[in-house]
Amino acid sequence: MAHHWNLDPEVTFLNHGSFGATPGIILEEQTKIREQMERDPVRFFESDFPKLWDSTRKSVSDFLNADMDGMTLVNNTTSGVNTVLRSLHLNEDDEILVPNHSYQACWNAVDFVTKRSGAKTVVVEIPFRVNDSQEIVDLIMDSVTENTVLALIDTVTSPTGIRMPFEILTKKLQGVGVDVLLDAAHGPGIVPLDLGELDSAYCTGNFHKWVCSPKGSAFLHIREDKKRLIRPLSISHGASFEGSEQEKFEFEFGWPGTQDPTSWLSIPATIEFMEGLVDGGWAEIMQRNHDLAVEGRSLICDAIGTSAPVPETMVSAIASVEIPSEQEVGPISLEGDPFHHLLMDKYGIQVPVFPWRHHGTRYIRISAQLYNHIDEYNFLAEALSEILENGETLQGQ
Ligand SMILES: Cc1ncc(COP(=O)(O)O)c(C=O)c1O
């Protein structure tokens, strides 16, 4: 199915997880919306945009089985997480739980709000290798105290590629009075998400990753009882708008100031296009990508000489494996990992390799999307075997 995407045919692209990739036909669709906007920007923003914004929120809400009144669009998950955290009024005794597999940018946002208020970030230490999801549930629940007010829970973790038991965690945490902020950056299109059933206080996630819509298309859903508390990062015209609470909520989030909304507005067409690519729609896409990631992971484990770190049920469409490293593992650097560069420069394989200092480990993470084929993971496995046999550098610098 690779012909639907504009990816470079010279590159073995095994990193859908970082930024997604958008089919060519959707980019054309986005251009059409942009042309409509530029034919008469005033008419577009004053008349067309409010209707398109509503129909996009409706489509997103239907896809996630969410109450549309609490659904807003944001540019990315980082903004969604910041929107919630920076609206909270924390007290000095409050604690926010963050598992040590959390995406560093979102973890940083937690640290920012706890530091400025004198509250506390409580890091839940979870090893990379776990036998089952119950281990994760127990470690997180054991970290709850009477001061815990919020937990940042990923649907799928970024560095370690673990499909978290987020459904049970949301139920258990909220059952003991801890609000859950679900980080569903790897959410729509990679794991089944039923926001009505989950009932998390907050959920934010990307459409530009696994639904493949243009970059800058994400959602933030806020449960009814929390809507008054949460304000957009950009305080704009909506703040002085005199209408109903619901109208004000929609206006505040819908108009953060002038920007190009075409990524948001391309979401409905992307959902429809992608689900039409296979007979079984989104359920089949998720199953195929999961199966390919599991198969690919097994090839890579064999090449590295290691075993599967987590059971298959804890894999979605991304999977991480440890890369042997003799040197101390530092923070993620702007220069990138030399092992990543070696795979890219010598073999043309685009796959992330990065240090995760919270585990003192470097990981290689594969992704599987409809355009991938098992031969690509075989090629990566051969490259890894060759590099290891030749004793080429595996050291993080
Ligand atoms: C778990 C997780 N949270 C948040 C993000 C941030 O996504 P974005 O860059 O779209 O804000 C990512 C990105 O990879 C992620 O994996």
Side-chain angles (χ1 to χ4, degrees), residues 3-7 19-64 66-80 82-83 87 185 188-189 204-222 227 230-277:
H3 67 275
H4 290 297
W5 277 261
N6 294 354
L7 293 163
F19 305 110
T22 302
I25 197 167
I26 297 301
L27 296 173
E28 286 165 24
E29 186 63 33
Q30 184 182 17
T31 300
K32 279 191 209 149
I33 305 173
R34 197 173 273 135
E35 281 169 357
Q36 179 186 346
M37 174 171 78
E38 292 306 332
R39 265 199 301 276
D40 182 344
V42 176
R43 187 180 61 198
F44 181 83
F45 281 114
E46 290 185 357
S47 162
D48 301 347
F49 174 68
K51 292 178 211 128
L52 291 167
W53 156 258
D54 262 355
S55 57
T56 301
R57 284 174 50 244
K58 165 99 175 70
S59 153
V60 164
S61 303
D62 288 349
F63 188 67
L64 300 173
D67 135 54
M68 184 175 156
D69 282 351
M71 183 61 77
T72 72
L73 302 174
V74 289
N75 291 338
N76 50 56
T77 298
T78 310
S79 298
N82 270 276
T83 303
S87 295
T204 181
N206 288 328
F207 276 85
H208 54 234
K209 284 192 194 286
W210 294 94
V211 170
C212 297
S213 55
K215 283 151 196 59
S217 48
F219 75 95
L220 167 63
H221 183 268
I222 306 169
K227 271 161 60 185
I230 307 301
R231 304 289 298 277
L233 286 176
S234 173
I235 297 300
S236 179
H237 285 302
S240 54
F241 178 74
E242 289 175 13
S244 70
E245 293 231 345
Q246 182 60 30
E247 283 168 340
K248 190 163 172 159
F249 174 82
E250 289 174 23
F251 191 18
E252 278 221 272
F253 279 94
W255 192 257
T258 310
Q259 60 166 9
D260 182 346
T262 56
S263 296
W264 287 344
L265 305 181
S266 305
I267 298 173
T270 320
I271 293 175
E272 202 181 321
F273 172 74
M274 289 288 291
E275 76 185 343
L277 286 180

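Note: hydrogens, waters and symmetry copies are ignored here, and every other heavy atom, side chains too, is used. Quick caveat: nothing in here was measured; it's all calculated off a predicted structure.
- Contact annotation: the side chain of F273 approaches that of H4 to within less than 4.5 Å [non-hydrogen atoms, C-beta and beyond].
- Side-chain N or O atoms of N206 include none that pairs as donor or acceptor with a backbone N or O of H208 at under 3.5 Å.
- When side chains are defined from C-beta on, W264 does not count as touching I33, because their heavy atoms never get closer than 4.5 Å.
- N82 and S79 form no side-chain donor-acceptor contact under 3.5 Å, judged by distance and modelled atom types alone.
- T72 places a side-chain N or O within donor-acceptor distance of the main-chain N or O of L220, the cut-off being under 3.5 Å.
- For the pair R57 (side chain) and M68 (backbone), a donor-acceptor distance under 3.5 Å is present.
- By the 4.5 Å heavy-atom criterion applied to side chains, I26 and P214 are counted as neighbours.
- At least one donor-acceptor pair under 3.5 Å links the side chain of T56 to the backbone N or O of L52.
- Salt-bridge formation is not detected for the pair D54/K58: no Lys NZ or Arg NE/NH1/NH2 atom is positioned less than 4.0 Å from an Asp or Glu carboxylate oxygen.
- Side-chain contact between P261 and W53: absent, with no pair of heavy atoms (C-beta onward) separated by less than 4.5 Å.
- A salt bridge is absent between K227 and E245: the closest approach of a Lys/Arg side-chain nitrogen to an acidic carboxylate oxygen does not fall below 4.0 angstrom.
- Heavy atoms from other residues, nucleotides or ligands lying under 6.0 Å from CZ of F45 number more than 12.
- Looking at Q30 and S263, their side chains come closer than 4.5 Å, going by heavy atoms from C-beta outward.
- For the pair S213 (side chain) and F207 (backbone), a donor-acceptor distance under 3.5 Å is present.
- Enclosure of atom CD1 in I25 is not indicated, since only 12 or fewer non-hydrogen atoms of other residues, nucleotides or ligands lie within 6.0 angstrom.
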